[in-house]
Structures are given as structure tokens and as C-alpha cells.
2 protein chains.
Amino acid sequence: MSRVSAGDGGAVPRRARRHDPGRRDRLIDAALTVIAERGLAGTTHREIARVADVPLGSTTYHFTSLEELLAEAFNRYAATVARVFDERMAAARDRDAAVEAVITLVSDDLLGSQRDLVLTVELYVAAARNPVLRAVTQEWMARSRQALERHFDADTARGLDALIEGLTLHNALSTEPMTPAQIRDAIRRYLR
Amino acid sequence: MSRVSAGDGGAVPRRARRHDPGRRDRLIDAALTVIAERGLAGTTHREIARVADVPLGSTTYHFTSLEELLAEAFNRYAATVARVFDERMAAARDRDAAVEAVITLVSDDLLGSQRDLVLTVELYVAAARNPVLRAVTQEWMARSRQALERHFDADTARGLDALIEGLTLHNALSTEPMTPAQIRDAIRRYLR
DNA sequence: ATCCTTTACGTACGAATGTACATATAATGT
DNA sequence: ACATTATATGTACATTCGTACGTAAAGGAT
């Protein structure tokens, strides 16, 4: 009812923030951050809200359920990664350049971003039990394979995709990761 | 205080079960079952107790914390899988037999057991945040590589291990798994 | 200006969870 | 037989969670 008088020092700003367009997007990004940092098990409405710096009620307003929020988050993540993958393969002019692009992709995923690796594995686990997320992974895989098929035949692309997956995963979990040279050799060996 | 008289029909057996040696082992196995069926997030004291058919209190008696129980479970799982892996490689008489053994391993993992695949990925996720579990995965990987090095040089073993991982994971998640012939070709192609 | 719709916010509640713990029973040693 | 120890069991409690919901403020139409 009462308004704070202008001259007052104004102790507690009761309801500060307002008018935050794009908040829905920020919540999705915050969800990905939380998943990467705390794992899916530690991803709660409250933690997401804390990271996005919004009140709890905002999360339930923008998303009807936590599951929906998580699905949107994983969907955004997969789309982002798939786009990068596709762009690099599209930029390769010939097969040799494509081989180098693959090597770069693996090396960047490994050395560049522990976050992406964690998100990927979290998605795999979740997809094992959630049909919506399984669809996300399948579309992702299809796009990856399609990108590889710009330069390699279908069977080669299929196996190469698996090799990329294994190299990434193995090295992220290992205390003694393969050297870039070893990664390069493994890929070239399969593609020779 | 009072004892049920012999002639009585005896309505409710208050405390039926007792003297259950090996219960600790059963709890570990039950934990693996629950992880595979419900995921790590759905793995609780109560659910493990239900599967093992023991009261809740029994789980907290045998294990000081849920984390300890999970660590023992994953440790047992990794040891079991690694042993099978090692046995098959040890049984191979020459390199050709070893190649066939690898193909069999991948095919069996894929077609044989969705359970194992789920447990593996759950372990990977957990290992990303739990040092104890990370040690479990690293020892597992070391044993696998060692087994492969019975027949292949170190670099080959390293890449082959990754390829096996990727093939298994990809096919478990895919709606259109690779045929056994495709799997065989991919492995032989890398080892050629 | 007045109304209506959308967006935002705070609080509350039932359900589930990890764990502690008092009690009870079997096993074992003497 | 008795005492001591290891094992087993049921219950309770503080905490955290997803979600519901009443209220408040902003945007936009008229």
C-alpha cells in the first residue's frame, strides 16, 4: 500500500527486478550450466533459478515441469554442437581437409571443453530412460553422420563417428590422455 | 516377553527373516540392478532394500553411506567386466583370434546386454564428479588396455579400446544399430 | 484513463530421501 | 548357562524437492 518516500534512504528494495525479456532463454542456458557443474541429479528448480539469478517461481512459470526445461536445454545443446560439427565438415574442400577437420574436432572437444563432454554423457544417460531425449540424441547422431557423409561413404562415416565418440570419451576420462599425435594417428589409421 | 504357544495358529509373524549371511553381497548386487533399471538418480536406500528384500535399516547397517554402497557396486561391476574382457583376450592364441575375440566382445556387449551399457554410462557420469569412481574407471581402462596389449602394440591397443567404446555406445543409443557385419568391418578396418 | 492479458514473484505443502538410533535377536566364546 | 559381540530391524527426523497458487506489477489495447 504505502510507497517509499523519495527522500528516504530506502533500506530494503522489496521487489527490485522486473521486465526481463529473454529470461526464458537464460533459464535454459542456466540449466545447461547446472547440469555440467552439478550433474542431472543435482539439477533442481532452485539451483537453476540461483544461477540465472531469478526467483524460484519464475522457473515454474516459464516451464510447466522440470522435465520440459531439461529437454529444451539438451535440445539446444545438441543443436549447437551439431551445427559446429556440420560447419567444419562443410568448410572442408576435399577429403584430406575433411580428415584434418575431424582431427581438429576431436582435439578441440577433448582439450577445449570438459563441459561439453560432461553434458554429452549426461544426455546419454538421460536418453536411456527418456524417449524425448532419446529422440534428441538420435537426431544429433543423424546430423553428425550426414556431415561426415559429405566426404566419406556411409559405412566409413558410421564407423568414424563411433571412433570419434570413443576417442573423446576415453580421453576425457583418462588421467593420461592421448597426445594430439596419437589421436591423429588413430583417425588416419581408420581412414587410410 | 511372551512366546507364541505351540498350538496357536500364529497370525502375524512379527520378525520373520533372520540370519542372512552374504546379505552385504546381495545388497551390492541389488544396487547394480537398481542403477541399471532406475538410474543413479533413482537409486535410494529404500529401493535397494526393496530389491534385495531386506528392511531399510539393513542398508545403513552394512554401509556407512549410500556413496560407499554405490562405490562398491561400481567397483564390482568394473572388475567383472574387466575380467571377462581379459579372459577372452587371454584365450586368443594368435592375432587373428584376438581380432575375432574383440568382435565377439563388442557384439555381445551390444546385443547381449543393455544393462551393462547403462551401467557403464552411469559410471562414467558419476566418475566425472567422484574421485573414488574415477579411480574405478581408470583401473578398468588400464586393465582393458593391458588385455589388448597381449596381442597389439600399445598405440594400437589405445585406439582400439576407444573404437570399441564408441561402437558400443553408438549402437546402444541408435535406433538402427550397425549390423554384426558392419561392426566386424569397422574393427578389421582399424586393425588392418 | 481503464481494462485485460502476460509476466513475475513469494510462500506453502505433501512427498521422498539420507541418516541416526534405540531396540531386538542370533552367534560366539567361556 | 551366561555374557559379550555382531547382526538385524523398525521408526523417527531434519532436509530438500517439485509443484501449486494467490498476489503483484508491467504491456498493450481501446
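All values reported here derive from a predicted model rather than from experimental measurement. Chain A is the first sequence line, chain B the second, and so forth, proteins listed ahead of strands; every chain is numbered from 1.
Residues Thr64(A) and Thr59(B) both approach DNA chain D. Their nearest nucleotides, taken by heavy-atom distance, put Thr59(B) toward the 5′ side. Along DNA chain C, the nucleotide closest to Gly42(B) and the one closest to Leu56(A) are compared, and the more 5′ of them pairs with Leu56(A).
Atom CG in Leu66(B) sits about 17 Å away from atom P in dT16(D), given to the nearest Å. Remark: C1' of dA20(D) and CZ of Arg46(A) are 12 Å apart, rounded to the nearest angstrom. Counting to the nearest Å, the C1' atom of dC17(D) and the CZ atom of Arg50(A) are 16 Å from each other. Put simply, CD1 on Ile48(A) is 14 Å from C1' on dT19(D), counting in whole angstrom units. For the pair Asp20(A) CG and dG27(D) C1', the interatomic distance rounds to 15 Å; values are reported in whole Å. Atom CG in Leu40(A) sits about 14 Å away from atom P in dC17(D), given to the nearest Å. As a whole-Å value, the separation of Glu47(A) CD from dG18(D) C1' is 15 Å. Distance, Leu70(A) CG to dC17(D) P: 14 Å, rounded to whole Å.
Within the 4.0 Å cut-off from OP1 or OP2 of dA8(D), at least one side-chain nitrogen or oxygen of His62(B) is found.
Contact check on Arg88(B) versus Asp108(B) returns a salt bridge, with a Lys/Arg side-chain nitrogen under 4.0 Å from an Asp/Glu carboxylate oxygen. Between Arg76(A) and Asp25(A), at least one side-chain nitrogen of the basic residue sits less than 4.0 Å from a carboxylate oxygen of the acidic one, meeting the salt-bridge criterion. Comment: Glu72(A) engages Arg24(A) in a salt bridge, judged by a side-chain N to carboxylate O separation of less than 4.0 angstrom. In this structure, Arg150(A) pairs ionically with Asp86(A), as a charged nitrogen and a carboxylate oxygen lie closer than 4.0 Å.
Listed nucleotides dT19(D), dG18(C), dT9(D) differ in distance to His45(B); the shortest reach to its side chain belongs to dG18(C). Counting only heavy atoms from C-beta on, Arg23(A) has its side chain closest to dC9(C) among dC17(D), dC9(C), dG18(C). The side chain of Tyr61(A) has dT6(C) as its nearest neighbour among dT6(C), dT19(C), dT7(D).
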* To do: Kindly determine whether Thr156(B) and Tyr190(B) satisfy side-chain hydrogen bond (donor to acceptor under 3.5 Å, both in side chains), including the steps that lead there.
  => CA-CA 9 Å; Thr156(B) 303; Tyr190(B) 179 81; 5.5 Å; no
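Nucleic acid contact class of Thr43(A) (heavy atoms, under 4.0 Å, all strands): sugar-phosphate only. When heavy atoms are screened at a 4.0 angstrom cut-off, Thr44(A) is found touching the sugar-phosphate backbone but no base atom.
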